[in-house]
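First the structure, in the form of structure tokens, and then the observations on it.
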Amino acid sequence: MTTAPIGVLGGTFDPIHYGHLRLGEELGETLKLGEVRFVPSGTPPHRQAPYAAAEHRLAMVRLAAGGNARFQVDECEVRRAGPGYTFDTLAGLRADAGASRPLVLLLGADAFLEFATWHRWHEIFGLAHIAVAHRPGSPPERWAERMPQPLAREYAARFMPQPLATHLQPAGGIVVVPFTALDISATAIRDMLLAGASPRYLLPAAVLDYIRSHRLYS
Ligand code: ATP
């Protein structure tokens, strides 16, 4: 049985696109993760209801993740009644994976900067490491001014300069991993579809076919 860390990549995936897939691929490689688990949200607690139903978003994640041996799709938040909190997802995963296997929550920098608003965010450090990917428009030098004090304190205390240090303990560290800038967002893709413009090559062809055949976002 492998003990390489499990990466967890949560999102609304409304729809999933190449930004998400490159995040999983690059962080999977850089951090030498045993698997990258995509966890589509059910009813996200932080934002308005997604545009596409959870079943559709899940189906699109399955299409996109298929064929990559490291990628797994986890339905736990879609199946859970009520808001799917990352804390609960990680607690469930921790119970399944055992106490010693490292878990790594994979976040874009924009998501990390909002982390201190998450349900039981502080306790998440007891369950997993956090790996933050630089996202376009958000280089690490500029985070300081946008980081709220409680998060800045945790960042200073938990930052690990060597990303592979995530293999040495099950949880609790923060690593920052460079990431190829891909300025793609689900919002922009939805806007294109609504305007009748083509989002081709921003997301997998199978996902775009699915969107068209189910008349999503139009
Ligand atoms: P929306 O435009 O609807 O806000 P989104 O494209 O940002 O959606 P989410 O499902 O909110 O997608 O994102 C899930 C995770 O993927 C977050 O951690 C987010 O930071 C990250 N992410 C999204 N787009 C990119 C991208 N282009 N590059 C790197 N990370 C990304």
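Ligands are counted one by one from 1 in listed order, and the atoms in each one are counted from 1 as well.
- Between Met192 and Leu202, the shortest heavy-atom contact is CE-CD1, 3.5 Å.
- Of all atoms in ligand 1, listed by their number and element, those nearer than 4.0 Å to a heavy atom of Phe179 are 28 (N), 29 (C).
- Using a 4.0 Å heavy-atom cutoff, Asp14 is absent from the residues neighbouring ligand 1.
- Just one residue in the list Phe87, Phe125, Tyr155 forms a ring pair (Phe, Tyr, Trp, His ring centres under 6.0 Å) with Phe115, and that residue is Phe125.
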Run Leu164 and Lys32 through side-chain contact (heavy atoms from CB on, under 4.5 Å) and show every step you take. CA-CA 8 Å; Leu164 291 180; Lys32 300 192 192 303; 4.0 Å; yes
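- Atoms of ligand 1 lying under 4.0 Å from any heavy atom of Arg190, numbered from 1 in the order shown and given with element: 3 (O).
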Arg158 and His129: side-chain contact (heavy atoms from CB on, under 4.5 Å), yes or no, with the steps? CA-CA 9 Å; Arg158 297 178 180 279; His129 299 290; over 6 Å; no
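- The minimum heavy-atom distance between Arg94 and Ala171, with the atom names listed, is NH2-CB, 4.4 Å.
- Backbone and side-chain nitrogen or oxygen atoms of Ile184 are examined, and one is located within less than 3.5 angstrom of a nitrogen or oxygen of ligand 1.
- Both Phe159 and Leu151 sit in one connected hydrophobic cluster of ILVMFWY residues. Membership requires side-chain heavy atoms under 4.5 Å apart, directly or through other members.
- Near Ala186, with a cut-off below 4.0 Å to any heavy atom, the atoms of ligand 1 are 1 (P), 2 (O), 3 (O), 5 (P), 6 (O), 8 (O).
- Heavy-atom proximity to Thr187, at under 4.0 Å, picks out these atoms of ligand 1: 1 (P), 2 (O), 3 (O), 4 (O).
- Of all atoms in ligand 1, numbered sequentially from 1 with element shown, those under 4.0 Å from a heavy atom of Asp110 are 19 (C), 20 (O).
- Those atoms of ligand 1 with a heavy atom of Gly108 less than 4.0 angstrom away are 18 (O), 20 (O).
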Do Arg37 and Val73 pass the side-chain contact (heavy atoms from CB on, under 4.5 Å) test, and can you show the C-alpha distance, the side-chain angles, and the key distance before you say yes or no? CA-CA 6 Å; Arg37 243 172 224 243; Val73 183; over 6 Å; no
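- Polar contact with ligand 1: absent for Leu9 (N/O pair, distance under 3.5 Å).
- A donor-acceptor contact closer than 3.5 angstrom links the side chains of Thr89 and Glu77.
- At least one heavy atom of Gly10 lies less than 4.0 angstrom from ligand 1.
- The shortest N/O to N/O separation between Gly11 and ligand 1 does not fall below 3.5 Å.
- Geometrically, ligand 1 and Phe13 share a nitrogen or oxygen pair separated by less than 3.5 Å.
- Of the options Arg22, Arg57, His20, the smallest heavy-atom separation from atom 5 (P) of ligand 1 is shown by His20.
- Considering backbone and side-chain atoms alike, Ala111 places every N or O at 3.5 Å or more from each N or O of ligand 1.
- In this structure the side chain of Ile124 never reaches within 4.5 angstrom of the side chain of His119, judged on heavy atoms.
- Here Ile211 contributes atom CD1 and Tyr217 contributes atom OH; the two are 5.5 Å apart, rounded to the nearest 0.5 Å.
- The shortest N or O to N or O distance between His17 and ligand 1 is below 3.5 Å.
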